[in-house]
Amino acid sequence: MDERLPYLLSGNFALDHTELKAVEHAITTRVHAINKLELELQAYRALISPLRRNAIPPEVLSQVFVLALDDPETTKRDRLNDICLVCKAWREVALGTPELWTHLDKISLNGTPPNMNKIRSWLARSLDYPKTLEIAGIGYKKDHQPNTCLSMSSPALATFLTSGPTLNNLVLACSYQCIEALVGLIKPTRSSFSPSWDALRSLELRMGHYSEHLSQPSWHALYNLPPLTSLTLELPRYNDIPELHSLPEYLTLPDLTNLTLICDWPYPWIAGTLENCRTLQSLAVNLNEDVPEHRRIHYNFNDPVLLPNLRILRLQRITPEAEARDAQFLRFFMMPSLEELDLCFLPDEPGDGELEWDFSTASEYTYSTMHNLHAYMGFDGSTNLKRLRIQSLHISSYGLLKVLGRLASLTHLTLDAVATDPDFFFRISNSASLPSGTTVLEFYNVIPQNFRPDVACSTLVEERGRGGLQRLEKLTMTVRNGPRDPHSGRWATKLRESGVAVVDIAWA
């Protein structure tokens, strides 16, 4: 019957059942043959592909590998293993790309010391590129009993940090006594020679729990810090330190330019340490306010500490209460060179039975905080403050504009999840105004009832029409949980036509 298939193709014949089966079989046979040929064709094409012919230069391929490591779904080790197992050529390129080996995934210790030979081999492939190592012990976890964790007090780890490859950045997170034991092995005394440790310039030291069963602490780790330029320091909670235990002396870090401080220790210790950091340019502070009244120390703000070179200050998790000590932080320091200020408040909600905040008066706490800025940072029209960001705050439009009116040099204003009354833009168009030099306005996570995009755009158009805000270049606004406003597009277009380069109105 197979021989009749060409004959069947030559005319318009009605096929019987046997002929139909034969045609169907012929079709299936040829489809399988075509699929087989396509697979063979793909294999032959792969032989002449640029990758098999090494047509892609190794330096280009290495940069592709670097970009491939940005995948957050898998570990860096797994991604590199996948790359190295593709073929010999890929493995050679990967092993010859130092950027791929500059840091490992975070090493989590579960009661056992790390394998330093593997770490040394990995980092050796990075050659002279800056290296980062991050190690976390179980003593850093909140639910762990710190007196059982000494996983970091490993002679092999101490030897690596004493005489191993020079690290650009080191992260250590564990219990206080575990880190104390490790640094005691690295630097038995302040004069001990530890070339790798002393060459560190960036360090994250996160001390978790402090056991109440410890004897008087030595604070050896804090007294033997290398000459750092960047430090993230998380100290044990003040409540966990017995009252009979003494705090360390003020730290002295004369080369430090970047500091992130996470602690709830008394202000005199914080102020004394910062006074010894005269080269400090960037400071982030998280005070973790939770100190019982009987352990609080009352402060004299008549002689604030001078931080002459500080340009960036970030206050994180500020307690929105007038009596909170972090509300008084700015009164303790003079920062005449400050250019960027970031105030991030703890999210606060209306009280029980309240539907929304009462904005009939200015927030006493917020206004007093800003007034301290004016009094202690030279806000007399000659201030250098250029950028201000406020996050998670409720404040009346009167209080907010009163504050902003004092910042004559402000160019960049960001309000993120700031709740205020609908009169904010009304006040701008009538009496109050933003600083004339403002170039960028960013409003994120705004409530549409308070910050309507059409009102924002129309107010800014009118203000520019009266000659105000002539330097405004960009408006960004994301609206939270609200319907899209049909009028905002028209006013956004008019704002563009008035000379504002970019207007981005989005609904989150």
Side-chain angles (χ1 to χ4, degrees), residues 311-315 318 320 327 329-331 335-336 338-345 357 359-447 450-453 455-464 466-478 495 500:
R311 296 187 298 104
I312 301 173
L313 174 62
R314 296 185 174 92
L315 298 183
I318 304 173
F329 182 87
L330 294 168
R331 295 179 60 192
M335 296 163 276
L338 193 67
E339 297 178 356
E340 181 175 341
L341 178 61
D342 191 329
L343 302 176
C344 181
F345 295 82
W357 291 111
F359 295 112
S360 58
T361 60
S363 167
E364 177 184 352
Y365 164 57
T366 306
Y367 181 71
S368 63
T369 301
M370 300 300 183
H371 179 72
N372 293 334
L373 285 176
H374 175 266
Y376 287 95
M377 297 167 58
F379 281 6
D380 56 358
S382 60
T383 175
N384 291 319
L385 191 68
K386 300 292 191 301
R387 302 170 67 96
L388 174 64
R389 176 179 178 270
I390 304 175
Q391 181 179 2
S392 301
L393 177 67
H394 63 277
I395 181 174
S396 70
S397 61
Y398 172 83
L400 181 57
L401 288 170
K402 188 90 170 180
V403 167
L404 298 177
R406 294 179 176 270
L407 310 180
S409 62
L410 196 67
T411 61
H412 195 131
L413 173 64
T414 302
L415 302 180
D416 190 348
V418 172
T420 189
D421 57 82
D423 289 340
F424 180 79
F425 290 103
F426 174 79
R427 293 181 185 277
I428 290 179
S429 62
N430 284 272
S431 55
S433 181
L434 297 171
S436 61
T438 304
T439 59
V440 177
L441 289 176
E442 296 176 324
F443 303 115
Y444 296 110
N445 298 305
V446 301
I447 301 174
N450 297 345
F451 272 65
R452 288 174 49 192
V455 174
C457 293
S458 62
T459 301
L460 294 176
V461 169
E462 293 171 359
E463 182 69 11
R464 289 173 61 81
R466 291 192 296 265
L469 296 177
Q470 292 301 303
R471 298 183 183 179
L472 183 63
E473 298 176 357
K474 181 178 180 181
L475 169 67
T476 300
M477 179 178 288
T478 60
L495 187 56
V500 177

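Numbering starts at 1 and runs along the sequence shown. All of these numbers come straight from a predicted model, not from anything done at the bench.
Between Leu475 and Phe443, the closest side-chain pair of non-hydrogen atoms falls below 4.5 Å. Contact of the Val418 side chain with the Val446 side chain is not registered, since no non-hydrogen atoms from C-beta on lie closer than 4.5 Å. Considering only heavy atoms from C-beta on, Leu393 stays 4.5 Å or farther from Leu400 through its side chain.
Annotation: side-chain contact (heavy atoms from CB on, under 4.5 Å) contacts of Ile312 (sequence neighbours excluded): Ser282, Arg314, Glu340. Qualifying side-chain contact (heavy atoms from CB on, under 4.5 Å) partners for Arg464, counting only residues two or more places apart in sequence or in other chains: Leu469, Gln470, Leu472, Leu495, Ser498, Val500. Partners of Glu462 by side-chain hydrogen bond (donor to acceptor under 3.5 Å, both in side chains), not counting sequence neighbours: none found. Scored by the side-chain hydrogen bond (donor to acceptor under 3.5 Å, both in side chains) test, Thr414 finds Glu442 as partners (sequence neighbours excluded). For Thr439, the side-chain contact (heavy atoms from CB on, under 4.5 Å) partners two or more places apart in sequence, or in a different chain, are Thr411, Arg471, Glu473. Applying the side-chain contact (heavy atoms from CB on, under 4.5 Å) test to Ser458 and every residue at least two apart in sequence or in another chain returns Trp491.
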_Leu313 vs Leu343, test: side-chain contact (heavy atoms from CB on, under 4.5 Å). Steps then yes/no._
CA-CA 8 Å; Leu313 174 62; Leu343 302 176; over 6 Å; no

_Verdict with supporting geometry, Leu415 and Thr420, side-chain contact (heavy atoms from CB on, under 4.5 Å)_ = CA-CA 11 Å; Leu415 302 180; Thr420 189; over 6 Å; no

_side chain to side chain donor-acceptor pair (under 3.5 Å) between Asp421 and Ser396, worked out_ = CA-CA 6 Å; Asp421 57 82; Ser396 70; 5.0 Å; no

*Would Leu404 and Leu388 count as a side-chain contact (heavy atoms from CB on, under 4.5 Å) if you check the C-alpha gap in whole Å, the side-chain angles of each, and the deciding distance to 0.1 Å?*
CA-CA 9 Å; Leu404 298 177; Leu388 174 64; 3.8 Å; yes

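The CG atom of Leu385 sits 10.0 Å away from atom CE of Met335, with the distance rounded to the nearest 0.5 Å. Interatomic distance, Leu407 CG to Leu413 CG, rounded to the nearest 0.5 Å: 9.0 Å. A distance of 10.0 Å separates CG of Leu410 from CG of Leu341, quoted to the nearest 0.5 Å.
The minimum heavy-atom distance between Arg311 and Leu338, with the atom names listed, is O-CD1, 3.5 Å. Gln391 approaches Arg389 most closely through the heavy-atom pair OE1-NH2, 2.6 Å. The two residues Phe345 and Ile390 come nearest to each other via the heavy atoms CE1-CG2, 4.0 Å. Listed here is the closest heavy atom pair of Pro435 and Ala408: CB-O, 4.1 Å.
Between the side chain of Ser409 and the backbone N or O of Lys386 there is no donor-acceptor pair closer than 3.5 Å.
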